[in-house]
Amino acid sequence: MKRMSRFKCPMAVLNVALQLRRFDSVRVFEGRTRPCGSKIDHRDIVDEFTMYCYQKDLPNAMKALESMQKHKLWANSITYSELIKCCIARGAVELGKRVHHHVFLDGYEPKTFLINSLLNMYVKFNLLDDAEFLFDRMLVRNVVSWTTMIVAYSNSEYKCKALRMLIMMLRDGVQPNMYTYSSVLRASEEISTLKQLHCCIIKVGLELDVFVRSALIDVYCKWGEPKSALLMFDEMGTSDIVVWNSIIGGFSQNSDGEEALDLFIRMKRSGFWADQSTLTSVLRGCTSLALLELGRQVHVHVIKFDRDLVLNNALLDMYCKCGSLKDADSVFARMVAKDVISWSTMIIGLAQNGYSRKAIDLFEAMRGSGMKPNYITVLGVLFACSHAGLVKEGRCYFESMKTDFGVDPGKEHYGCMIDLLGRAGKLDEAKKLIHEMKCEPDAVTWRALLGACRVHRDLDLAEYAAKKVLSLDPCDAGTYTLLSNIYANSQRWDEAAKLRGLMRDRGIKKEPGCSWIEIDKQVHAFTLGDNAHPEIHQELGRFVRRLKEEGYVPDTSFVYQDVEGEQMENSLAYHSEKLAIVFGIMRLPKGKTVRIRKNLRICGDCHVFAKLLSKMEGRSIIVRDPVRYHHFQDGACSCGDYW
DNA sequence: CTAGGGTTAG
């Protein structure tokens, strides 16, 4: 009879085992475990165990393990590591612990390799205490042992432990390798730490390793230094797809869609094919630039990966943020799987585009489906309420968010509520709420209150809020202008002048207004009073004349309120969005929606202008400002004039 | 036995 132990190579064991099973497994195994009258063959027990391990037959492997335990037998380390892999894959925590127990029984001393496997298992099960316990008791620790622990801590909230371990490892005389460095970089909690690690990496000559490189690029970008990352990227020779994705993703996450898309073109020229990660970043780039047509082209490539949740979420967000809710709806409906991000994206998308009711309905549908809302989902539904003036609903969600969804109200939630109450004219309540906050209100929170004061012309409270904003964010140009205008309006000229002086001294300048439009794969940018295109100005003049005949009166009445937008500028008539809209009407085929993106909030006059123009020209016009989306059609706007 | 890239708000 063939003995299993003849087959030293695990693959051969596996193949024979599979054949035996196919023909007559029962007879063979019974014959082997009960060889008539003779003593049990120890090698057979171990062989059987080995075979089950390679077959990934967990129940039988565990049975064989018990039998080995009874006879004080041990298999080789590689076999155990196969079994441990299997436990990891199946999430079999208890079985894994039994293996751990077994290999330390009766004074057996497992090899470092095997203990490393166990360490890795505990890390994969996220049982860091068990891993640490085992690690602390190891007699010999090699680079893998240390790295395993460093990886664990780098991915945990105890990042400083990862760095401490690195130091201990060096003191212990164990050289970190590329595995160690590519993980520990993530643990830098300060940019200076990152730079120190980078120096170590250069010194030991590991900077050229693609894993280390992509980690470096990624972490520099996470620290908001994509330019440094790009320098490194350009300096180095070879890259792989992940390195490309790191740099492209880095720029897209730092909202530099333009650079991200440029790099994507470079990547394609270098002969790489986009994968899911690339496409996700490219879509995010389109989203931040509001490039709907380019986004649609990317969509074609997304279809290849239509089961990829993250990618689909990015696609969904692209359509929402580009103002095409029809496309967003169909992506959402077709998604095979949806997670909390898919739902949140759609809810926020609906709210931003003016469909607050639909957003709330979808939120309720989400709850009905059993999906648990998170911090951002709740923010989305409050946002929907605040933009539709739904005070009652908003208050209700806010008050029950902790009990109903298990989400503690954070400063963003308070901000939404302050916005909601403030806009609805309940300034006292808004003020009360900001003082009741459990967390420290930040500049954004105070700005929400300030915005409400502006709308309802509460000068005293506005002054109070503006001072708070400036103490927290001394670079906020809009607030300076607003506050100085409040002073000017109350004839407090000295204070107004002082504030303007302060602004000058601090070198704070208002961001110039800019609008963009995408036509035929080209992006056209317009700035305030842009007179590089006289023909657009002429056409704009004609539109204004015709609108005036219909009763349009350019609105210059809001003097001090409109500081965030371009309203303080004299050339109200040539705001960038007006130029961009007119250009769109001139260049796009009849019936095609004019889509504009701008960097500042739309002003009251442009809002009226766009509404009337949409009716006169029979055109849909969409203007996306940094907060809201305005869909103009037939003389009305999706925001219901509430923004 | 150890390593790198992607999605919702601000």
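Everything quoted here is computed from the prediction, not taken from an experiment. Proteins come first, then strands; the chains are lettered A, B, ... in the order of their sequence lines, and each starts at number 1.
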N/O donor-acceptor pair, side chain D240(A) with base dG4(B), under 3.5 angstrom:
yes

Among the candidates dA3(B), dG4(B), dT7(B), find the nucleotide nearest to the side-chain atoms of V242(A).
dG4(B)

Mind checking ring pair (Phe, Tyr, Trp, His ring centres under 6.0 Å) for Y414(A) and listing every partner two or more places apart, or none if nothing turns up?
F398(A)

Restricting to ring pair (Phe, Tyr, Trp, His ring centres under 6.0 Å), what partner residues turn up for F125(A), sequence neighbours left out?
none

Just verifying a value: how many Å separate N116(A) CG and L119(A) CG, rounded to the nearest 0.5 Å?
5.5 Å

Determine the contact category for R213(A): base if any of its heavy atoms lies under 4.0 Å from a base atom, sugar-phosphate if only primed atoms, P, OP1 or OP2 are that close, otherwise nothing.
nothing

I need the CZ-P distance between F383(A) and dG10(B), as an integer number of Å.
6 Å

Note: contacts of residues 268-278 of chain A with DNA chain B (heavy atom, under 4.0 Å) are D275(A), Q276(A), S277(A)

Of dA3(B), dG6(B), dG10(B), the nucleotide closest to the side chain of S183(A) is dA3(B)

Which heavy-atom pair separates L316(A) from S342(A) by the least distance, and what is that distance?
CD2-O, 3.5 Å

How many Å lie between CG on L382(A) and C1' on dG10(B), as a whole number?
15 Å

Under 4.5 Å between any side-chain heavy atoms of L350(A) and S356(A), yes or no?
no

Can you list everything that forms a salt bridge (charged side-chain N to carboxylate O under 4.0 Å, His left out) with D129(A)? Sequence neighbours excluded, please.
none

If you round to the nearest 0.5 Å, how far is CD1 of I347(A) from CD1 of I360(A)?
10.0 Å

In this structure, how many angstroms lie between the P atom of dT2(B) and the CD1 atom of I84(A), rounded?
11 Å

Atom pair distance, as rounded to whole Å: CD in Q253(A) and C1' in dA9(B)
15 Å

Going by the ring-ring contact (aromatic ring centres under 6.0 Å, His included) test, which pairs reach into residues 300-325 of chain A, not counting sequence neighbours?
H299(A)-Y319(A)

Of dA3(B), dT2(B), dA9(B), the nucleotide closest to the side chain of N120(A) is dT2(B)

Within this structure, what is the CD-to-P distance between E412(A) and dA9(B), rounded to whole angstrom?
11 Å

Just to verify, what does Y397(A) make a ring pair (Phe, Tyr, Trp, His ring centres under 6.0 Å) with, not counting sequence neighbours?
F363(A)

Name the atoms and distances for all side-chain donor-acceptor pairs under 3.5 Å in residues 195-207 of chain A, with sequence neighbours left out.
{"unit_1": "H198(A)", "atom_1": "ND1", "unit_2": "Y220(A)", "atom_2": "OH", "d": "2.9"}
{"unit_1": "H198(A)", "atom_1": "NE2", "unit_2": "E207(A)", "atom_2": "OE2", "d": "2.8"}

Please evaluate the base of dG6(B) for a donor-acceptor partner in the side chain of D308(A) within a cut-off of under 3.5 Å?
yes

Please work out which residues in residues 326-340 of chain A have a non-hydrogen atom less than 4.0 Å from an atom of DNA chain B and list them by number.
none

Taking any heavy-atom pair under 4.0 Å as a contact, classify V210(A): base, sugar-phosphate, or nothing.
base

Nearest listed nucleotide, side chain of V444(A), among dA3(B), dG10(B), dG6(B)
dG10(B)

Salt bridge (charged side-chain N to carboxylate O under 4.0 Å, His left out) pairs, two or more places apart, involving residues 369-383 of chain A:
none

Identify whether any heavy atom of V243(A) sits under 4.0 Å from a base atom; if not, whether one sits that close to sugar-phosphate; answer base, sugar-phosphate or nothing.
base

Which nucleotide in the set dG6(B), dA3(B), dC1(B) lies at the smallest distance from any side-chain heavy atom of D209(A)?
dA3(B)

F135(A) meets the ring pair (Phe, Tyr, Trp, His ring centres under 6.0 Å) criterion, sequence neighbours left out, with W146(A)

Below 4.0 Å: OP1/OP2 of dG4(B) and any side-chain N or O of R186(A)
yes

Please classify the nucleic acid contact of L283(A) as base, sugar-phosphate, or nothing, using heavy-atom distances under 4.0 Å.
nothing

Side-chain-base donor-acceptor pair under 3.5 Å for T345(A) and dT8(B):
no

Reckon K222(A) touches a base, only the sugar-phosphate, or nothing at all at heavy-atom distances under 4.0 Å?
sugar-phosphate

Within the structure shown, what part of the strands sits under 4.0 Å from K85(A) by heavy-atom distance: base, sugar-phosphate, or nothing?
sugar-phosphate

Sequence neighbours excluded - salt bridge (charged side-chain N to carboxylate O under 4.0 Å, His left out) pairs with any residue from residues 406-419 of chain A:
K402(A)-D408(A), D419(A)-R423(A)

Using heavy atoms and a sub-4.0 Å distance, could you list which residues of residues 142-165 of chain A are near DNA chain B? By number, please.
V144(A), T147(A), T148(A), V151(A)

Aromatic ring proximity H102(A)/Y108(A), centre distance under 6.0 Å:
no

Using only heavy-atom distances, decide whether a donor-acceptor pair under 3.5 angstrom links the side-chain of S182(A) to the base of dG4(B).
no

Within this structure, what is the CE-to-C1' distance between M236(A) and dG4(B), rounded to whole angstrom?
13 Å

Which part of the nucleic acid, if any, lies within reach of I348(A) when heavy atoms closer than 4.0 Å are counted: base, sugar-phosphate only, or nothing?
sugar-phosphate

Separation of dC1(B) atom P from L83(A) atom CG, nearest Å, is 12 Å

L206(A) CG to dG4(B) C1', in whole Å, measures 14 Å

